[in-house]
J.: 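Below: one structure in structure tokens.
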Amino acid sequence: MKIAIIGHGKMGKAVAALAQERGHVVQTIVNRIENSAARALTPERLAGVDVAVEFTRPDAVVANLERLIALGIPVVTGTTGWSDDLPKVTALVEGRGGALLHAPNFSVGVQLFFRAARELARGFRGRPEFTVSIREQHHKTKLDAPSGTALLLQRQLWTEEPGRRFPITSVREGESAGSHTLTYESRHEVVTLSHTSQSREVFAAGALAAAEWLPGRTGVFTFEDMLFGQSA
Ligand SMILES: NC(=O)c1ccc[n+]([C@@H]2O[C@H](COP(=O)([O-])OP(=O)(O)OC[C@H]3O[C@@H](n4cnc5c(N)ncnc54)[C@H](OP(=O)(O)O)[C@@H]3O)[C@@H](O)[C@H]2O)c1
């Protein structure tokens, strides 16, 4: 497969390295300096590319997605902090018959953590003696807070208990690739469900698996759709 890497930071580098290890061709790598308002994403630059993998920043991602979708290139993005623009981008994908897979977290463990969290929330529904909280911690260079994963967890918990508050505490320190903890606590007991990413290679592997899966499909998908099907 011929892959375009949009954004050559920590994640873009990890995906490019893994793609080459797996025998894919990294046809082009697009950096911030050349790509203001997505201007480096030209038909010439992207000719023959099967899929683009986008890991940039919240202020750059939407322009990149719009340009890639307009060019008919399937795109996988892991950039976080742009969920308000998802309806606009979805309309564009649907209007163009394009393909987009987006996920704030490309780890299989986190997807299973979400499922276990929904199960816990079902069990604790209507039990006000328990307070509930979400805590997330990431490396100090992460720009957005709360993390996209914590916000998605919160949305998933609301599907189980819509009226409840699920407050998020964000910590930015050290080099941690990311941890998320859901806690239910009463005077007498504490239940915690926790996921910790030990390295960002796990996200690179998930994003690359998504890039291998997406070409040939049309529509907007999440990583959960890919792993468990769209009725998940
Ligand atoms: N979905 C997941 O599993 C997952 C996992 C980890 C991270 N993330 C998210 O992915 C995003 C990137 O994370 P990261 O750790 O790779 O951050 P990073 O190391 O800061 O890399 C971001 C890169 O994007 C570049 N960039 C900025 N604007 C650009 C543009 N218009 N065109 C091309 N490149 C551009 C930056 O260039 P400069 O350095 O020159 O500014 C930087 O090299 C963040 O939103 C993060 O939250 C998601």
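Atoms within each ligand, like the ligands themselves, are counted from 1 in listed order.
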J.: Please indicate whether Gln20 has more than 12 foreign heavy atoms, meaning atoms of other residues, nucleotides or ligands, lying under 6.0 Å from its CD.
T.: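 Yes.
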
J.: Check whether NZ of the Lys or CZ of the Arg Arg115 lies under 6.0 Å from the centre of the six-membered ring of Phe228 and within 45 degrees of that ring's axis.
T.: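 Yes; both conditions hold, so Arg115 lies above the ring face of Phe228.
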
J.: Output, or 'none' if empty, a list of ligand 1-protein atom pairs in which both atoms are N or O and the distance is under 3.5 Å, rounded to 0.1 Å.
T.:
unit_1	atom_1	unit_2	atom_2	d
ligand 1	1 (N)	Gly78	O	3.2
ligand 1	1 (N)	Ala103	O	3.0
ligand 1	1 (N)	Pro104	O	3.1
ligand 1	1 (N)	Asn105	N	3.4
ligand 1	3 (O)	Phe106	N	2.8
ligand 1	16 (O)	Lys10	N	3.4
ligand 1	16 (O)	Met11	N	2.8
ligand 1	19 (O)	Lys10	N	2.9
ligand 1	19 (O)	Lys10	NZ	3.0
ligand 1	32 (N)	Asn35	ND2	2.8
ligand 1	34 (N)	Arg32	N	3.3
ligand 1	40 (O)	Arg32	NE	2.8
ligand 1	40 (O)	Arg32	NH2	3.3
ligand 1	41 (O)	Arg32	NE	2.9
ligand 1	43 (O)	Gly9	N	3.2
ligand 1	45 (O)	Thr80	N	3.1
ligand 1	45 (O)	Thr80	OG1	3.2
ligand 1	47 (O)	Thr80	OG1	2.7
ligand 1	47 (O)	Lys142	NZ	2.8

J.: Do Glu160 and Arg122 pass the salt bridge (charged side-chain N to carboxylate O under 4.0 Å, His left out) test, and can you show the C-alpha distance, the side-chain angles, and the key distance before you say yes or no?
T.: CA-CA 6 Å; Glu160 300 300 336; Arg122 258 195 300 283; 2.9 Å; yes

J.: For a side chain to side chain donor-acceptor pair (under 3.5 Å) with Arg172, tell me which candidate from His139, Gln137, Glu136 qualifies.
T.: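 The option that passes is Glu136.
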
J.: Does Arg125, at its CZ atom, have more than 12 non-hydrogen atoms belonging to other residues, nucleotides or ligands within less than 6.0 Å?
T.: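 Above 12, so yes.
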
J.: Mind telling me whether Phe124 and Tyr184 have parallel, tilted or perpendicular rings, with 30° and 60° as the class edges?
T.: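 Ring orientation, 0 to 90° scale: parallel.
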
